[in-house]
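Report on one structure; see the data block that follows.
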2 protein chains.
Amino acid sequence: MVQYGHPAPTHLDASFAALSDVTRRGVLEQLGRADASITELAGKFRMTLTGMKKHVSVLEQAGLVTTEKVGRVRTCRLGARRLEEEAAWIERYRELWAARFDALDVVVDELMKEKRDGRQKRS
Amino acid sequence: MVQYGHPAPTHLDASFAALSDVTRRGVLEQLGRADASITELAGKFRMTLTGMKKHVSVLEQAGLVTTEKVGRVRTCRLGARRLEEEAAWIERYRELWAARFDALDVVVDELMKEKRDGRQKRS
DNA sequence: CACATACTGAACCATATGGTTCAGTATGGG
DNA sequence: CCCATACTGAACCATATGGTTCAGTATGTG
């Protein structure tokens, strides 16, 4: 049986995991509007500083957010990653999906044609 | 401070989580080429039937795969969800991201203009 | 019937996740 | 100096994840 070897290293695991939490998606949207401190984000999403710090760390690890500490305040802003790989993966999948169902359509067409032509198995 | 209420219910959590595993992404790509049984998938990704069954269940929960058991064999195929919501979320984010950095460009332009015009604060 | 195949479910395991509290440290303001 | 603010890190907790083994059940096949 055909088996797969090691897949190429990618950021997809980390970024999709980062995106799988509604709070973190919210943080990204928020930072898309304005930079924010940990305190501000924690306030908006009703959680402790420590909790928010963890979310920000996850986003930072995934390259989606960068932070900079000036004085007491750590300012968070959108990071360098633009979800290009992620968008590309999803787009490729959507094409696969469409192709797969187009193939099904072909099968259906074949069946319809057979029916119309009156062809049948065994007499 | 402005706080957020309950976010609208969405499939994003489940589907992004499903996509965050390299094996599950592989399964989706595989099913894009041909339907497959649990045994076939387990063989290709070098894991136990039980392990693969769990992955397939996760994908099924997320609506990305549907399965049908005929006789002993459970056949897996791509599900109804085409990652439309997911693609849309990412696309919206990418626009936010671009807008955010365009805004930064404007700031930079302003600074450049001030410098060129010789304008300075205080004297 | 006997046996192999294909899956299923329970139990287990190590680690990760999403949150908290509590006890710091560092910084800014009066 | 004193106090409030802003963050940080460790510890803890419940639950989820990604895998396994083992013991079934159900289904094909000779």
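By convention in this document, chain letters (A, B, ...) are assigned in the order of the sequence lines, proteins followed by strands, and residues within each chain are numbered from 1. Just so you know, these numbers come straight off a predicted model, no measurement behind them.
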If you compare all heavy atoms of A:Leu19 against all heavy atoms of A:Leu28, which two are closest, and at what distance to 0.1 Å? CD2-CD1, 3.7 Å
Can you give me the N/O atom pairs linking the protein to nucleotides 14-24 of chain C at distances under 3.5 Å, or say none if there are none?
residue, atom, partner, partner atom, Å
C:dG18, OP1, A:Arg24, NH2, 3.3
C:dG18, OP2, A:Arg24, NH1, 2.7
C:dG18, OP2, A:Arg24, NH2, 3.3
C:dG19, OP2, A:His55, NE2, 2.3
C:dG19, N7, A:Lys54, NZ, 3.0
C:dG19, O6, A:Lys54, NZ, 2.2
C:dT20, OP2, A:Thr48, N, 3.4
C:dT20, OP2, A:Thr48, OG1, 2.7
C:dT21, O4, A:Thr50, OG1, 3.4

Whom does D:dC22 pair with, Watson-Crick or G-U wobble, provided both distances fall under 3.5 Å? C:dG9
Is there a residue in residues 64-73 of chain A whose heavy atoms reach under 4.0 Å of DNA chain D, and which residues are they? A:Lys69, A:Arg72, A:Val73
Contacts of B:Asp35 meeting side-chain hydrogen bond (donor to acceptor under 3.5 Å, both in side chains) (sequence neighbours excluded), chain-then-number -> A:Arg100, B:Arg77
Please work out if A:Leu49 contacts a base, only the sugar-phosphate, or nothing of the nucleic acid, heavy-atom cut-off 4.0 Å. base
Not counting sequence neighbours, which residues clear salt bridge (charged side-chain N to carboxylate O under 4.0 Å, His left out) with A:Arg74? List them please. none
Whole angstrom value for the distance that separates P of D:dT5 from CG of A:Leu41: 19 Å
By salt bridge (charged side-chain N to carboxylate O under 4.0 Å, His left out) - contacts of A:Glu29 (at least two apart): B:Arg92
Between atom CD in A:Glu60 and atom C1' in D:dT8, what is the gap in whole Å? 13 Å
Name all pairs fulfilling the ring pair (Phe, Tyr, Trp, His ring centres under 6.0 Å) condition that reach into residues 70-92 of chain B, sequence neighbours left out, sorted by first residue then second. B:Trp89-B:Tyr93
Ring pair (Phe, Tyr, Trp, His ring centres under 6.0 Å): which pairs involve residues 61-84 of chain A, sequence neighbours left out? none
If you look only at distance, which donor and acceptor atoms sit under 3.5 Å apart when one is on a side chain in residues 51-63 of chain B and the other is two or more places apart or in another chain?
residue, atom, partner, partner atom, Å
B:His55, ND1, B:Arg24, NH1, 3.2
B:Ser57, OG, B:Lys53, O, 2.9
B:Glu60, OE2, B:Thr67, OG1, 2.9

Could I get the full list of salt bridge (charged side-chain N to carboxylate O under 4.0 Å, His left out) partners for B:Glu95, not counting sequence neighbours? none
